[in-house]
Amino acid sequence: MSQEEYDFGMVGLGVMGRNFLLNVADHGYAVAGMDQSAEKAKALEVEAGDKKAKGTTSTEEFVASLKKPRKIMLLVPAGKVVDIVINSLLPHLDQGDLIIDGGNSFFPDTDRRSVELEEKGIRFLGVGVSGGAEGARRGPSIMPGGNKSAYEVVAPILEDVSAKVNGEPCVAFMGNGSAGHYVKMVHNGIEYAIMQLLAESYDLLKNVGGLSNQQLGDTFTAWNKAELESFLVEITAEIFYQKDDLTEGDLIDAILDKAKQKGTGKWTSQNAMDNGIPVPTIDAAVTMRGMSSLKAERVSASEILSAHTNGSSVDAAAFAEDMKKALLFATIISYAQGLSLLKEVSDEKNYELDPEAIARIWRGGCIIRASLLEDIRKAFVAEPDIKNLMASPVFASSLSELQASCRTVVKHAIDAGIPVLALSSALSYFDAYRRDRLPLNLTQAQRDNFGSHTYERTDRAGVFHTEWGS
Ligand code: 6PG
């Protein structure tokens, strides 16, 4: 590799890193990649064809090949590997060089790394990248956070490689410190919620509506042509049509009902709890991943516990129509929960997040891309300071109208003994938010009764304690 010839470097040439780098090369930049595996380094050069791309296993050679200030992105597994890679690069870097962590790093790690690297004169960005392998190759949604001037060093490249919607790039500076990784974490929390809502919709359409896999594919295909149009609905339809290579049946029926997780959904729930912000549909999705992994226990319990169901037959077409509306209702509410968390934590962490920009860059490239995000964007244009999307004039009346279908579907689920933790949590979140009085006056009374924790009153200011029962 000759000296200072390459515009952009990547450490980690797994499928995400290699695809992202090939995407950069497609836009006319000379790219260099480094990986411990010589095979992966070679694969980069082969796949790049006649574009200017070089792969190596040597840190020294890699760093020396980059133009200054060097722009080095890491797409390596989140956690200690990121620190190991940064430490291996540091002795070779110069002041002003830029490291971009493009993995799903836990945001407190990003805050720590920002401070450590700034002290050493190295610029650092924590960047959320969404869209999977295909997104990385053809245009992901990119959520950069850190120092604004560091972002400007690399902004033209990120704008070139990102997905475009109506010609607008799906990348925007999110805010300082760990803002980019925080936004990506919440993106994944919303992703978990919508995936769980889709799983529940599948369960209900199949077991209450009686739909076959072919009909499920047709139903999700039709839904993907209207308000529910989104990447996740699109791939859901595709999945139901997939035949199994190993048996005569459909692949979906051969897949074990245990879903794994890498942690970003759980972090969203944990952080929301830490900040006192309710995100019950995201919590439900994380919980259901846990329930799914209790496979052996569930199989045993299925022999012992029965539902005593009183499910009645339904008109399949009418039920599917209610299901569609219920899914739309709960999907809007999942976005509302995630965005309310972003709003609250933005103030707490001084990220200065712009919800309109977030909705704008989520419209394309990322896993939760959906036509709904254009309406969400408009809601924030109309009212930038709105606390919760549910109260926006863009959504309030449609949610009021859609709620009836969600109630119908949840009632059917309860009657049939089908778990709908996500759908019912979205409905209860809506019901709790729209009620001016909740029964937690009783909770306050109990706390004062057993622990003299005091309470406030509805009719006068101040803090009160009662000698209960006296
Ligand atoms: C994305 C995805 C991605 C995530 C996978 C798997 O935006 O491209 O969110 O970052 O790693 O979806 O996540 P889980 O293993 O936690 O389901």
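In listed order, ligands and their atoms are each counted from 1.
- Within the 4.5 Å cutoff, the side chain of Pro419 has heavy atoms near those of the Asp203 side chain.
- Of all the atoms in ligand 1, the ones that sit under 4.0 Å from a non-hydrogen atom of Glu191 are 1 (C), 2 (C), 5 (C), 7 (O), 9 (O), 12 (O).
- Using a cutoff of 4.0 Å between basic side-chain nitrogens and carboxylate oxygens, Glu45 and Lys42 are scored as salt-bridged.
- Taking atom 6 (C) of ligand 1 as the reference point, the nearest protein heavy-atom neighbour is Lys262 NZ, 3.8 Å.
- The six-membered or imidazole ring of Phe62 lies away from that of Tyr6, with a centre-to-centre distance of 6.0 Å or more.
- For the side-chain contact (heavy atoms from CB on, under 4.5 Å) criterion with Thr264, the lone passing option out of Val186, Val286, Asn188 is Asn188.
- Residue Arg289 approaches ligand 1 through these ligand atoms, each under 4.0 Å from one of its heavy atoms: 14 (P), 17 (O).
- For atom 11 (O) of ligand 1, the nearest protein heavy atom (residue, atom name, distance) is Asn104 ND2, 3.4 Å.
- Within the structure, ligand 1 has Gly132 among the residues with a heavy atom less than 4.0 angstrom away.
- A cation-pi contact, defined as under 6.0 Å to the ring centre and within 45° of the axis, is absent between Arg137 and Phe20.
- Scanning the protein for heavy atoms near atom 7 (O) of ligand 1, the closest one is Ser130 OG, 2.5 Å.
- Below 4.0 Å from some heavy atom of Ile367 lie the following atoms of ligand 1, by number and element: 1 (C), 2 (C), 7 (O), 8 (O).
- Regarding atom 16 (O) of ligand 1, its nearest protein heavy-atom neighbour is Tyr192 OH, 2.5 Å.
- In this structure, Arg113 fails the cation-pi test against Phe124, since its NZ or CZ atom is not both closer than 6.0 Å to the six-membered ring centre and inside 45 degrees of the ring normal.
- Two residues are said to be in side-chain contact when any heavy atoms from C-beta on lie closer than 4.5 Å; Phe319 and Leu211 fail this criterion.
- Of the charged side-chain nitrogens involved, at least one lies within less than 4.0 Å of a carboxylate oxygen, so that Glu374 and Arg377 count as a salt-bridged pair.
- Near Gln261, meaning under 4.0 Å from any of its heavy atoms, are these atoms of ligand 1: 15 (O), 16 (O).
- Using a 4.0 Å cutoff on heavy atoms, His187 counts as a contact of ligand 1.
- Of all atoms in ligand 1, listed by their number and element, those nearer than 4.0 Å to a heavy atom of Asn188 are 4 (C), 7 (O), 9 (O), 10 (O).
- With respect to atom 8 (O) of ligand 1, the closest heavy atom belonging to the protein is Gly131 N, 3.0 Å.
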